[in-house]
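All values derive from a computational prediction rather than experimental measurement. Each residue takes its place number in the sequence, starting with 1. Atoms considered below: every heavy atom in the structure, side chains included; atoms not considered: hydrogens, waters and symmetry mates.
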Amino acid sequence: MRSLTYHARFFLIAGCLLWMYGLSTAYGDPASAIRLGRLAMAQNHPFAALSCFRAANAEIDANPSAYPADRLSALSGLGYSSLWVGKAHEAERAYRQGLLLAHSAADRKTMRIGLARALIDLGRPREARRLLQPVHKVSHEAALQSAIAANLLDWNTLASASLQEAAPIGHYAGPLWLQRLYGETKDYVDFTLKSQVNIGYHYSSDSDHNINQIYDAGVTIPGRGLGDNALNPTMWHVGYRQIQINDSDGQVGISALSGGWGASLDRNWQYMVRGGVGTARNWTFGQGEGQITYQPDDTWGLAVSVDRAPIRTFEAVQNHILANTISAGGFGRLRNVGTLAASYFHQAFSDGNQRNGVVARVTPEFYSFDSIPVSLGVQGYFRDYSSGYVPFDGYFNPRHYSEALGYVIYVQKFSPFWIMRLYAGFGSQTVDMTTTPVKDIFGTITGLVSPYMQVSLTGGYTQVASAYGGGAGYHRSYVQANISIPF
């Protein structure tokens, strides 16, 4: 009986909505369409609401002088319903137009908050946070959206302060969906600001019978250091890694201790440094990594990174071979079109080999579905390098190598902090004038088991060459798991 009542209510509401929509469009009355759209939103029918607000705006566009009082309401409803069904680009256009027309402080606040939500959905948190600055201290919802933008920028000290402004008494006073969003955001920000134990495991096996097992254990502690700690704490890290290598030439283990930190120098500059010492039988070596990034805007950024690590094959470890890598590059985003990222890298191997190469990625804007939190995208990937000649086969070292792949990417958000990404890439690689088809398939899922644990799982299968093997018929499978637990 309860099910029948529910379905009867649903069809009654849907029928009323369709009747009212037909009546309003027949008379060309945007005010009626706006009222209908608001009713549809109140009854949780976002697609019906979106149709109504689109109809209202279309009628106003056709007769702008006849309905000046309805324009702002129609744009506000269009932006809100567009965000509800995942059409962030349409919402951005509506709220930008509304912000230009708004005269009262209340209307400007509404348009700023809506536009900021659209910008966050479109991956532009810096622009969103700047937009919210005039209102985030006088609006709980603006403060909440400002906290989300700060978290996406890894400015969690600021995010925590904004959450305090959003809920001064510790409880968000607003609609249920905003209460849930506040709780999820607070869990994530609080998690990132706590000390954590990090545990990881990696397993890979390839057609050259090279098996790598990597065990990681470490601690990350937020504190003060060389950076702007008003944006985010300096994150101090110490860790231990055990690597077990098995291949057709033999078996060897590597043990390593490392430590370092990462911080934001200011709102544009971030850096990370980490170094340590490793041992393998009678070999002791230094290793490390570092990165510095400059990103003043959502639309472009630059990065330089360095890395020093052993090659993980039995013969390379026996011959004490390290790879020293420096990479420099950046990215640029053309709004509503896509992103281009490119970098140059140089590798100096401890056996005297030198390698120079480039990597490029082209990623058009993703397509988001209306009814489900799913996005589909494509990406073009290209890598090319040339190596010096070294008569040693402890690692994969062609004179010239290039690869070009096209990826199909599937992204699903189970919640704001549980995300799955699946990649399927197909293309070709050329090894010293010999071209073969290759495929690269992998996936990741990351999430926060609120507020007690963060989990990341990765797995894949690839035919693309790496330092450990390559060429026609080469393939490698791998899985990886990482867990972070606060204390």
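A donor-acceptor contact shorter than 3.5 Å is absent between the side chain of R361 and the backbone of Y381. No donor-acceptor distance shorter than 3.5 angstrom exists from the side chain of W236 to the backbone of V219, with no hydrogens or angles considered. A donor-acceptor distance shorter than 3.5 angstrom exists from the side chain of D432 to the backbone of R399, with no hydrogens or angles considered. Checked by atom type and distance alone, the side chain of T313 pairs as donor or acceptor with a backbone atom of G394 at under 3.5 Å. Side-chain N or O atoms of N324 include one that pairs as donor or acceptor with a backbone N or O of A348 at under 3.5 Å. For W418 (side chain) and L448 (main-chain N/O), a donor-acceptor pair under 3.5 Å exists by modelled atom type. In terms of modelled atom types and a separation under 3.5 Å, the side chain of R308 and the main chain of G288 share no donor-acceptor contact. Within the 3.5 Å criterion, the main-chain N or O of I321 finds no donor-acceptor partner in the side chain of N319. Of the possible polar contacts, one joining the Q179 side chain to the G174 backbone as a donor-acceptor pair under 3.5 Å is found.
Counting heavy atoms from C-beta on, the side chains of R355 and N397 come closer than 4.5 Å.
For the pairing with T458, the side chain to side chain contact (heavy atoms under 4.5 Å, CB included) check across Q480, R421, H202 returns one residue only, Q480. Checked options E141, R180, K186; the residue passing with Y172 is E141 (criterion: side chain to side chain contact (heavy atoms under 4.5 Å, CB included)).
Between D298 and R129, none of the side-chain N atoms (NZ, or NE/NH1/NH2) sits under 4.0 Å from a carboxylate O, so this pair counts as no salt bridge. Between E127 and R333 no salt bridge is recorded (no basic side-chain N to carboxylate O distance below 4.0 Å).
Between the CG atom of D208 and the OH atom of Y468 there is a distance of 13.0 Å, given to the nearest 0.5 Å. For the atom pair CG of D206 and CD1 of I211, the computed distance is 8.5 Å after rounding to the nearest 0.5 Å.
Closest non-hydrogen pair, S484 versus N198, comes out as OG-ND2, 3.0 Å. When every heavy atom of S160 is checked against every heavy atom of V189, the shortest pair comes out as N-CG1, 3.9 Å. Looking at every heavy atom in both residues, S477 comes nearest to Y461 through OG-CD1, 3.4 Å. Looking at every heavy atom in both residues, I113 comes nearest to S139 through CD1-OG, 3.4 Å. Taking all atoms of both residues into account, the shortest heavy-atom contact from Y474 to S466 is OH-OG, 3.8 Å. Taking all atoms of both residues into account, the shortest heavy-atom contact from P486 to F191 is CD-CE1, 3.4 Å.
Counting heavy-atom neighbours within 6.0 Å of H400 NE2, excluding the residue itself, gives a total above 12.
Partners of S350 by side chain to side chain donor-acceptor pair (under 3.5 Å), not counting sequence neighbours: none found. The side chain to side chain donor-acceptor pair (under 3.5 Å) test applied to T435 returns T430, not counting sequence neighbours.
Ring orientation note: the planes of F396 and Y401 are nearly perpendicular, at an angle over 60° on the 30°/60° scale. Ring pair Y423/F442 is parallel by interplanar angle, where below 30° counts as parallel and above 60° as perpendicular.
Y271 has its ring centre no less than 6.0 Å from the ring centre of W269.
Judged by a 6.0 Å distance limit and a 45° cone about the ring axis, R117 is positioned over the six-membered ring of Y80.
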